[in-house]
Amino acid sequence: MKIAAIQMRSGADPSANMAALEPLLAEATQAGARYVLTPEVTMAFGENRAGLAAVASPFEDDPQLARVGELARHHGIHIHIGSLAVPLDDGRFANRSVLFGPDGQIAAQYDKIHLFDATIAGLNAYRESDTYRGGETAVTAPVGDFTLGMAICYDMRFPKLFNALANAGASLMAVPAAFTVPTGQAHWHVLLRARAIETGSYVIAAAQGGQHANGRATYGHSIIIDPWGRVVGELDHDQPGVLVAEITPELVADARGRIPALANEKTFATPAALPR
């Protein structure tokens with residue numbers, strides 16, 4: 001099966017972002033992709049909660065999602081919107097990933113569990129929890145001969161989530177992202193390759209890239225990695241583009257047979273905390 005990662009440079013206007021996405025989706029489908037992943041915050045990369053509140057639509061009535069459903073049905077493929085901001089009743093948002101099936105209907109959705117609350121040297125502090133409310137449930141869904149495991153950006157730093165997805169049958173891990181440049185340069189490749197190796201799964205990571213209107217700069221470098229940790233394909237830049245690769249279930253079975261880490265995993269007692 002051919003899969004595709006779409007790299008974008010989303011701004012705050014959902015209509016403009018959808019207009020930028022459509023030709024990239026067309027390029028991916030023309031290349032034969034049957035599953036297409038877009039980045040985190042595909043539909044609106046807002047500066048803060050107020051900025052998102054000005055543009056975010058209710059989930060059930062979101063016009064961009066309706067259009068994506070039409071495109072999935074027209075092309076007969078899975079289209080996975082890496083994430084969009086969904087208004088919640090407490091004034092915050094869910095950072096929600098949405099998978100459309102070839103029938104144009106929503107096949108699965110996942111709310112980002114791990115929120116990025118951190119201070120990066122030389123940059124402003126990031127407090128996603130001020131704007132977003134974290135999800136609580138891991139999600140898998142069938143995609144062709146694969147089972148998809150859904151994650152978003154910062155989730156990639158938490159291997160327990162990926163082990164749980166793999167133990168639930170996932171063989172293709174989706175990691176839409178909007179990684180900062182410093183952390184991308186340091187950790188993007190090694191973390192994603194580690195998640196592939198640990199679980200014996202394909203990893204597809206579709207990224208935001210470049211300087212955004214809200215002042216953020218993102219790393220780009222969308223990538224597809226095989227279950228042995230080898231890079232199948234990568235965009236070596238931060239410009240919008242499409243990355244296509246072919247994947248096979250047999251390679252998942254081969255990697256897991258050679259290194260049966262999932263089967264060998266044990267539970268264990270944890271040490272008591274030492275007194276401070």
Side-chain angles (χ1 to χ4, degrees), residues 1 3 5 35 37-40 78 80-83 95-99 107-118 128 132 134-179 183-184 186-207 219 221-234 245 247-249 251-268 270:
M1 180 175 76
I3 61 174
Y35 164 84
L37 176 66
T38 74
E40 185 181 22
H78 285 88
H80 185 174
I81 297 301
S83 84
N95 193 351
R96 183 166 296 170
S97 192
V98 184
L99 175 69
Q109 60 190 57
Y110 163 74
D111 290 354
K112 184 178 181 181
I113 292 173
H114 300 98
L115 301 181
F116 187 45
D117 288 354
E128 276 193 329
Y132 294 99
E136 298 178 344
T137 305
V139 176
T140 64
V143 173
D145 292 331
F146 292 83
T147 297
L148 180 72
M150 300 174 77
I152 300 174
C153 200
Y154 193 48
D155 282 332
M156 77 172 69
R157 294 185 180 272
F158 300 89
K160 285 184 179 180
L161 173 60
F162 290 81
N163 281 359
L165 292 168
N167 283 318
S171 51
L172 170 62
M173 306 294 184
V175 190
F179 238 58
T183 54
H187 298 153
W188 176 253
H189 296 85
V190 68
L191 284 172
L192 292 169
R193 292 184 68 201
R195 299 297 84 85
I197 293 165
E198 290 165 351
T199 63
S201 303
Y202 282 98
V203 170
I204 178 171
Y219 184 60
H221 291 260
S222 295
I223 195 168
I224 298 172
I225 301 164
D226 79 10
W228 200 244
R230 294 170 294 212
V231 175
V232 178
E234 178 184 359
I247 64 175
T248 65
L251 205 56
V252 175
D254 177 70
R256 292 180 178 180
R258 284 198 272 174
I259 307 290
L262 294 173
N264 293 160
E265 187 176 14
K266 304 294 183 183
T267 58
F268 50 87
T270 56

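In this text the structure is predicted, and so the values were computed from the model without any measurement.
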Chemist: Quick one: list whatever passes salt bridge (Lys or Arg N to Asp or Glu O under 4.0 Å) with E234, sequence neighbours left out.
Modeler: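 E234: no salt bridge (Lys or Arg N to Asp or Glu O under 4.0 Å) contacts found.
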
Chemist: Which pairs with one or both residues in residues 222-232 pass side-chain hydrogen bond (donor to acceptor under 3.5 Å, both in side chains), sequence neighbours excluded?
Modeler: Q7-S222, D226-R230

Chemist: Considering non-hydrogen atoms only, spot the tightest contact between A151 and Y110 and give its length.
Modeler: CA-CE2, 3.7 Å

Chemist: May I have the list of side-chain donor-acceptor pairs in residues 136-150 shorter than 3.5 Å, sequence neighbours left out?
Modeler:
none

Chemist: Tell me the closest heavy-atom pair linking G134 and L115, and the distance in Å.
Modeler: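 Of all heavy-atom pairs spanning G134 and L115, the closest is N-CD1, 3.5 Å.
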
Chemist: H114 vs F158 aromatic rings, parallel, tilted or perpendicular, using cut-offs 30° and 60°?
Modeler: parallel

Chemist: Could I get the full list of salt bridge (Lys or Arg N to Asp or Glu O under 4.0 Å) partners for R157, not counting sequence neighbours?
Modeler: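 Testing R157 for salt bridge (Lys or Arg N to Asp or Glu O under 4.0 Å), a comparison that skips the adjacent residues, returns none.
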
Chemist: Would you compute the distance between atom CG of L37 and atom CG of L99 and round it to the nearest 0.5 angstrom?
Modeler: 9.5 Å

Chemist: As an exercise, state the distance from CD of E265 to CG of N163, rounded to the nearest 0.5 Å.
Modeler: 5.0 Å

Chemist: Considering non-hydrogen atoms only, spot the tightest contact between T38 and G82 and give its length.
Modeler: OG1-N, 2.9 Å

Chemist: Measure the CG-CE distance between L161 and M173 for me, rounded to the nearest 0.5 Å.
Modeler: 8.0 Å

Chemist: With sequence neighbours left out, what residues match Y132 under side-chain hydrogen bond (donor to acceptor under 3.5 Å, both in side chains)?
Modeler: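 Here no residue qualifies.
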
Chemist: Sequence neighbours left out, what passes ring pair (Phe, Tyr, Trp, His ring centres under 6.0 Å) with F162? Give chain and number order.
Modeler: none

Chemist: Taking only residues two or more places apart in sequence, or in another chain, which ones meet D155 in a salt bridge (Lys or Arg N to Asp or Glu O under 4.0 Å)?
Modeler: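 With sequence neighbours excluded, D155 shows a salt bridge (Lys or Arg N to Asp or Glu O under 4.0 Å) to no residue whatsoever.
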
Chemist: Once salt bridge (charged side-chain N to carboxylate O under 4.0 Å, His left out) is applied, what residue pairs with a partner in residues 107-117 remain, sequence neighbours excluded?
Modeler: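 Applying salt bridge (charged side-chain N to carboxylate O under 4.0 Å, His left out) to every pair that reaches into residues 107-117, excluding sequence neighbours, yields E40-K112, R96-D111, K112-E128, D117-R127.
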
Chemist: Can you see which heavy atom on V175 is nearest to which on C153, and at what distance?
Modeler: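 Heavy atoms of V175 and C153 come nearest at CG1-N, 3.8 Å.
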
Chemist: What is the distance from atom CD1 of I224 to atom CG of L192, rounded to the nearest 0.5 Å?
Modeler: 11.5 Å

Chemist: Taking only residues two or more places apart in sequence, or in another chain, which ones meet F179 in a ring pair (Phe, Tyr, Trp, His ring centres under 6.0 Å)?
Modeler: W188

Chemist: Show me the side-chain donor-acceptor pairs of residues 194-204 shorter than 3.5 Å, one per line, residues at least two apart or across chains.
Modeler:
residue, atom, partner, partner atom, Å
R195, NE, E198, OE1, 2.9
R195, NH1, M156, O, 2.7
R195, NH2, E198, OE1, 3.2
R195, NH2, E198, OE2, 2.8
T199, OG1, R195, O, 2.8
T199, OG1, S201, OG, 3.0
S201, OG, T199, O, 3.3
S201, OG, R256, NH2, 2.9
Y202, OH, T248, N, 3.1

